[in-house]
Amino acid sequence: MANIKQLSQRPECLAAGHRLCGGCGASICVRQVLMGVPEDAQVVVANATGCLEVSTTIYPYNSWKVPFVHNAFANAAATISGVEAAFKGLQAAGKIPADKKVKFVAFGGDGGTYDIGMQSLSGAMERGHDMVYVCYDNGAYMNTGIQRSSATPKGAWATTSEVGAAQQGKPQVRKDLSSVIAAHGVRYVGQSTVGHWKDLVSKAEKAFSVEGPAFLNVLAPCPRGWRIPSDQTLEISRLAVNTRFWPLFEVEDGVWKLTPVKEKDQRPLEDFLRPQGRFKHLLKPGNEALLQELKDDVDAYWRYLEGRVEGSKNL
């Protein structure tokens, strides 16, 4: 279990001084996830093209203090699974000590995970590589101009899901990627946020501890794309959980476990939507039906998770 005193003494894997925006959820996600790597293991990182890669590897500088592989938008999972397979092959050939411990992790944004990289991610999960894939979900293709992705929430503004007479933001429901990966039968799936460091680090520890593939889906707000002040990243993450917009849960060896929102912490969905410029149109007169639709979607997904948890008890 994550202990803040012990974690504060661990060396950083990502150097300060990178060029990500102030308040960027991606760098917070990386720091917290890599705190979950066992202290007796080395870590190798692959990173899909995106904000995280672009802003931490601007030539001739590099912010990574661990072995790092940059790959294209679409193949982060394929790249790290190849590195893992090569490592195991070299161990089998006696060229790397059998007791050497290395953990393999890939980071990708929602564009490179939910969409462009979905095929290679699914393949890596199905093949059973000993790796952890981490999606830092900021809800759009932020690196290339805030275009909508399949992770963009219904009703959210994006540059390719405009607000106007024809539509009020993105009309489709966000893809439930955590459930999709859980359906692959992997050992561990965890959903968390950068605003819940203890939950995220603990889930990262579990992900790195299992043999075989594991997946973490982490809500990582983008102040620029979400139209929020840069000092509100963690607060908006907590509001996402307290309004049940982004539930915290995990699937461990097929058993679903939900982290419920305490009754005293529950908030109406408007408290999550109101601070964000990408949702401001939803709170204007005339959009009451769409706002209620979002609330109904949140309630329906919570009931779905409760059903998965109850179903797990009967296995």
Spacing of CD belonging to Glu53 relative to NE2 belonging to His70, to within rounding of 0.5 Å
3.5 Å
Within the distance-only criterion (no hydrogens, no angle test), does the side chain of Thr193 pair as donor or acceptor with the backbone N or O of Leu219 below 3.5 angstrom?
no
Rounded to the nearest 0.5 Å, how far does CG of Leu121 lie from SG of Cys135?
9.0 Å
Please report the closest heavy-atom contact between Ser230 and Gly22, naming both atoms and the distance.
CB-O, 3.1 Å
Taking all heavy atoms of Leu20 and all of Ser27, pick out the closest pair and write down the distance.
CD1-CB, 3.6 Å
Output yes when Lys257 and Glu252 qualify as a salt bridge under the 4.0 Å nitrogen-oxygen rule, no when they do not.
yes
Within 45 degrees of the ring normal and closer than 6.0 Å to the centroid, is that where the cationic atom of Arg278 sits relative to Trp157?
no
Would you check if the side chain of Arg148 reaches a backbone N or O of Ala158 as a donor-acceptor pair within less than 3.5 Å?
no
Side-chain donor or acceptor of Gln32 paired with backbone N/O of Ala204 under 3.5 Å:
no
I'd like to know if the side chain of Ser63 and the backbone of Leu14 have a donor-acceptor N/O pair within less than 3.5 Å.
no
Are any of the side-chain heavy atoms of Pro221 and Ser237 separated by less than 4.5 Å?
yes
Can you find a heavy atom in the side chain of Ser81 that is under 4.5 Å from one in the side chain of Arg127?
yes
Can you tell if the side chain of Val194 reaches within under 4.5 Å of the side chain of Leu234, non-hydrogen atoms only?
yes
Quick check: does any side chain N or O of Asn75 sit under 3.5 Å from a backbone N or O of Ala72, one acting as donor and the other as acceptor?
yes
Could you pull out the closest heavy-atom pair between Gly108 and Ala48, with the gap in Å?
CA-CB, 4.2 Å
For Pro213 and Val186 the tightest heavy-atom approach is O-CB, 3.7 Å
Trp226 side-chain N/O to Asn138 backbone N/O, donor-acceptor pair under 3.5 Å:
yes
Using salt bridge (charged side-chain N to carboxylate O under 4.0 Å, His left out), reason through Glu12 and Arg31 one step at a time and then give a plain yes or no.
CA-CA 7 Å; Glu12 290 283 358; Arg31 294 182 67 227; 2.4 Å; yes
So which heavy atom on Asn217 is nearest to which on Ser178, and how close?
ND2-OG, 3.2 Å
Could you tell me the separation between the CG atom of Leu273 and the NE2 atom of His281, rounded to the nearest 0.5 Å?
9.5 Å
Around atom CZ of Arg224, are there more than 12 heavy atoms of other residues, nucleotides or ligands at under 6.0 Å?
no
Would you say Ser8's side chain and Lys5's backbone share a donor-acceptor pair under 3.5 angstrom?
yes
Do the rings of Trp256 and Phe249 sit parallel, tilted or perpendicular, given the 30° and 60° boundaries?
parallel
Residue pair Ser179 / Tyr301, side-chain heavy-atom distance below 4.5 Å:
yes
Between Gly139 and Thr152, the two heavy atoms sitting closest are O-OG1, 2.6 Å
Taking the side chain as every heavy atom from C-beta outward, state whether Tyr114 and Val180 have any pair of such atoms under 4.5 Å apart.
no
Side chains of Lys203 and Tyr188: closer than 4.5 Å at any heavy-atom pair?
yes
Tell me, do Arg10 and Gln6 make a side-chain contact under 4.5 Å, heavy atoms counted?
no
Is it the case that more than 12 heavy atoms not belonging to Gln172 sit under 6.0 Å from its CD atom?
yes
Between the side chains of Asp199 and Ser192, does any donor sit under 3.5 Å from an acceptor?
yes
Working to the nearest 0.5 angstrom, can you tell me the gap between Asp130 CG and Phe208 CZ?
10.5 Å
Any Lys/Arg nitrogen of Lys295 or Asp299 sitting under 4.0 Å from an Asp/Glu carboxylate oxygen of the other?
no
Considering the options Val241, Val261, Leu305, Thr259, which one meets the side-chain contact (heavy atoms from CB on, under 4.5 Å) requirement together with Pro247?
Leu305
Could you measure the distance from the OG1 atom of Thr56 to the OH atom of Tyr61? Nearest 0.5 Å is fine.
15.0 Å
Taking side chain as C-beta onward, heavy atoms only, is Phe104 less than 4.5 Å from Phe87?
yes
Plane angle bin for Phe215 and Tyr133 - parallel if under 30°, tilted between 30 and 60°, otherwise perpendicular
parallel
Working to the nearest 0.5 Å, report the span between CG of Asn47 and CD1 of Ile80.
10.5 Å
